[in-house]
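In each ligand, atom 1 is the first atom listed, and ligand 1 is the first ligand listed.
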Amino acid sequence: MNKNKIIAEMFEKIADGLEFLGENPFRVNAYRKAARVLEDYPDDVEEVYKTKGPKGLDAIPGIGKGMVEKIIEFLETGKISRYEEVMSKVPQDLLKLMDVQGIGPRTLKLAYDRLGVRTVEDFKRVLEDGSLEKLPGMGPKKIENIKKGLELFKKMSERIPLGLAIPLVEEIVERMKELKEVKRISPAGSFRRMKETVGDLDILTTGENGRKIIDYFTKLPGVTRILAHGDTKGSCIFNDRYQVDLRVVPEESYGAALQYFTGSKEHNIHLRSIAKSLNMKISEYGVFRGNEKIAGVTEEEVYKALGLIWIPPELREDRGEIEAAQRGELPDLIELKDIKGDLHVHSKYSDGTATLEEIAEHAKNMGYEYIAVCDHSRSAKYAHGLEIDRLMEKTEKIRKLNQKLEGVKLIAGTEVDILQDGSLDYPDEVLKELDFVVAAIHIWSKTEDVTKRIIKAMENPYVHAIAHPTGRIISQREGYNVDIEEVIRVAAETGTLLEINAYYDRLDLNDVNVMRAREKGVKFTIGTDTHNIGQLWSMRLGVGVARRGWLEKKDVVNTMSYTELMKFLKELRKRKGG
Ligand code: DGT
Ligand code: CA
Ligand code: CA
């Protein structure tokens, strides 16, 4: 982090603290203003101070004499005494609540003085037990607002599943493009890296008139709160939940900024050390040798300057991608357009909403060659699992339908339950009749180790794949107690495919497990687990996980054509002894 940001954050905190202590608003604002100026200031103040001395800092518009002294103090000593003084007078934990809508410094101070509130927990207690409401200036309406604010605050501090962020970010990008001042625009941060959950959303633009671009951004539909509004950076909360940061960067450093703000932090730190070893410097403004800028317009040239080939954003986690790029050996990552069909879709026969005909129709709309209809098996009563006769009736119907369909096929499948003892919910004679069998655990107890159940299922010759192998649900449950290493080992040994379930809150296997399984030679299937046709689009989330797991086209079976896939599935059974 460059020193501007560290100092800006300290100034912000001093302002919060002074406000809490009831200091003169002028002083509070001086710190806030200085923080904002520093945040937006393009040059590293440390460099400015080194090259031009105090005069250089004096010349920064919006930074007064008092602030310059504090900046110098920090640059010289690593400390700001005023900061330490203020911080010693205010309860740190409580200050976090300054960001909550409906809670101001005055409320906090009141609770602090009159009710002995020192922590966030204390605050919640006096809110709930009614003692806060009795204080002067409070009242039911204010209390109501504070409660609402706290709820929003809690929701906002949770990470957001990528699948929920995609529609929002795409809409923002589309709308921003309508403004003629906006030249280039791209999402950055964890969103661009396709991380399964995102904290805040980062968007980068170039264009004339940063002020106008930011103004337009803060007025977009869906903005429920503006957190920052400057000449080069705006930050807003959309729909009471999603924080979006928009930055306007100079055209000539677009590549460097995109690289920097895409991260990850770990990846950037590693790049910085490479730059250092080459006697260069890398920042969000470019790659520099001394004062000479040698790259920055495009990401490609930034990487090239460091002796690397361009690294796809999904790999940028410092998990070996930089070393691979140095050797020129990055994987040729799978792309969404390589996917020829979806291998996990539910129909009306079990708990889906679409008929077979509708599924076929949508397969065409998606540009697919096939969709595997994998409804639940008979024990999955909660999901209207199919009894054997219904399954046979459905399979028959698929075969007939396929003769009529043009350009697309349905694949007769099932998502068969792995029962308590590891046996399957249909006998082998039934499974044998189906073209694609994914097996999955849906009922388990918390204390149970399900590894053996899954392994037994993988040993069945008619089972092609294991669906959602860990059972986790993002930000809801951890998943089964399972030894995933062991599952991966047996998958490799038996040739059983592991599913990347693309449903937005599953994404199971996750990126790290995909990477491990790939190293062991496992092949994968990507399925959306669609229950409602509108979810077919989430294939791109599954492809995101696959890319983050370093997968290539050849690692994923639903990149095969229909004919190739059917052949592969038959041969897999043979290999497994079926
Ligand atoms: P998130 O928002 O928690 O899902 O994760 P990111 O990766 O989007 O992180 P965020 O929004 O804090 O920052 C966006 C990018 O900016 C981050 O991926 C890398 C870059 N960045 C932020 N802070 C630092 C830093 O202290 N050092 C370095 N080298 N890069 C940073
Ligand atoms: Ca972010
Ligand atoms: Ca951010």
Side-chain angles (χ1 to χ4, degrees), residues 1-10 12 38-42 44-46 99 155-166 168-170 172-173 185-205 217 227-228 232-238 241-249 253-277 280-288 296 299 302-303 306 308 311-319 321-322 474-475 504 507 510-512 541 544-545 547-548:
M1 193 154 47
N2 95 24
K3 298 267 163 67
N4 300 21
K5 294 204 175 93
I6 301 176
I7 302 170
E9 267 167 32
M10 292 173 89
E12 261 315 328
L38 278 182
E39 178 86 34
D40 279 350
Y41 195 63
D44 189 344
V45 286
E46 192 168 26
D99 290 336
K155 222 172 28 174
M156 278 184 36
S157 45
E158 283 165 15
R159 294 184 65 81
I160 297 156
L162 178 64
L164 298 182
I166 285 181
L168 175 72
V169 170
E170 289 190 338
I172 293 174
V173 168
I185 181 160
S186 168
S190 50
F191 181 89
R192 184 166 177 241
R193 304 197 312 277
M194 294 289 280
K195 207 171 153 170
E196 64 192 26
T197 61
V198 293
D200 63 3
L201 298 157
D202 306 279
I203 302 178
L204 234 57
T205 73
F217 170 66
L227 301 175
T232 60
K233 186 183 164 186
S235 182
C236 298
I237 308 282
F238 284 75
R241 165 147 198 214
Y242 306 93
Q243 181 178 334
V244 185
D245 294 346
L246 182 99
R247 288 183 178 81
V248 185
V249 303
S253 52
Y254 181 66
L258 190 56
Q259 195 294 309
Y260 179 85
F261 289 111
T262 295
S264 65
K265 196 171 163 185
E266 292 71 22
H267 177 88
N268 288 356
I269 289 172
H270 193 157
L271 286 191
R272 218 176 309 145
S273 77
I274 290 180
K276 213 169 178 183
S277 71
M280 297 184 206
K281 259 192 158 170
I282 179 170
S283 71
E284 62 211 83
Y285 303 105
V287 181
F288 299 86
E299 275 195 332
V302 168
Y303 281 101
L306 302 178
L308 304 168
I311 301 176
E314 293 91 336
L315 297 183
R316 301 182 193 171
E317 299 291 345
D318 197 22
R319 293 180 185 151
E321 74 282 4
I322 294 175
I474 292 174
S475 55
Y504 82 97
L507 301 183
N510 68 10
D511 51 1
V512 176
L541 299 174
V545 174
R547 288 170 65 86
R548 288 178 60 83

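- Atoms of ligand 1 found under 4.0 Å from any heavy atom of Val198 (numbered from 1 in listed order, with element): 4 (O).
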Inset, instruction - Please report the C-alpha distance between Arg316 and Glu299 in whole Å, then the side-chain angles of each, then the deciding distance to 0.1 Å, and finally whether the salt bridge (Lys or Arg N to Asp or Glu O under 4.0 Å) criterion is met. - result: CA-CA 13 Å; Arg316 301 182 193 171; Glu299 275 195 332; 2.9 Å; yes
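- Within Asp202, the N, O or S atom lying nearest to the Ca ion (ligand 2) carries the name OD2.
- Residue nearest to atom 11 (O) of ligand 1, selected from Ile269, Thr262, Asp200, Ile6: Asp200 (by heavy-atom distance).
- Residue-ligand proximity, Gly263 to ligand 1, at heavy-atom distances under 4.0 Å covers atoms 17 (C), 18 (O), 19 (C).
- Take Asn510 and apply the side chain to side chain contact (heavy atoms under 4.5 Å, CB included) test, not counting sequence neighbours, and it matches Glu196, Arg472, Val512, Asn513.
- Comparing heavy-atom distances from atom 29 (N) of ligand 1 across His267, Arg272, Lys265, Glu317 singles out Arg272 as nearest.
- For Lys195, no heavy-atom contact with ligand 1 is shorter than 4.0 Å.
- With ligand atoms numbered from 1 in the order given, ligand 1 contributes 8 (O) to contacts under 4.0 Å with heavy atoms of Gly189.
- For the atom pair Leu258 CG and Thr205 OG1, the distance stands at 11.5 Å (nearest 0.5 Å).
- At most 12 heavy atoms of other shown residues, nucleotides or ligands fall within 6.0 angstrom of atom NZ in Lys281.
- Of all atoms in ligand 1, listed by their number and element, those nearer than 4.0 Å to a heavy atom of Asp202 are 8 (O), 11 (O), 14 (C).
- Residue Thr197 has no N or O atom closer than 3.5 Å to an N or O atom of ligand 1.
- Applying the ring-ring contact (aromatic ring centres under 6.0 Å, His included) test to Phe288 and every residue at least two apart in sequence or in another chain returns nothing.
- Ligand 1 is never approached by Lys5 to a heavy-atom distance shorter than 4.0 Å.
- Considering CD1 of Ile282 and CG of Leu306, their distance stands at 5.0 Å, rounded to 0.5 Å.
- For residue Asp245, no N/O/S atom approaches the Ca ion (ligand 2) to within less than 3.0 Å.
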Inset, instruction - Mind running salt bridge (Lys or Arg N to Asp or Glu O under 4.0 Å) on Glu317 and Lys195 for me, showing each step along the way? - result: CA-CA 10 Å; Glu317 299 291 345; Lys195 207 171 153 170; 5.5 Å; no
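- Ligand 1 places these atoms under 4.0 Å from at least one heavy atom of Arg193: 7 (O), 18 (O).
- Ligand-side atoms of ligand 1 in range of Gly199: 1 (P), 2 (O), 3 (O), 4 (O), range being under 4.0 angstrom from any heavy atom.
- Applying the side chain to side chain contact (heavy atoms under 4.5 Å, CB included) test between Val244 and each of Ile237, Asp202, Leu201, Leu227 identifies Leu201 as the sole match.
- Atom CZ of Phe191 sits about 12.5 Å away from atom CG of Asp200, to the nearest 0.5 Å.
- Contacts of Phe191 with ligand 1, taken as heavy-atom pairs under 4.0 Å, are absent altogether.
- The atoms of ligand 1 that sit less than 4.0 Å from any heavy atom of Arg159 are 1 (P), 3 (O), 4 (O).
- Glu284 and Ser253 share no donor-acceptor pair across their side chains, judged by distance under 3.5 Å alone.
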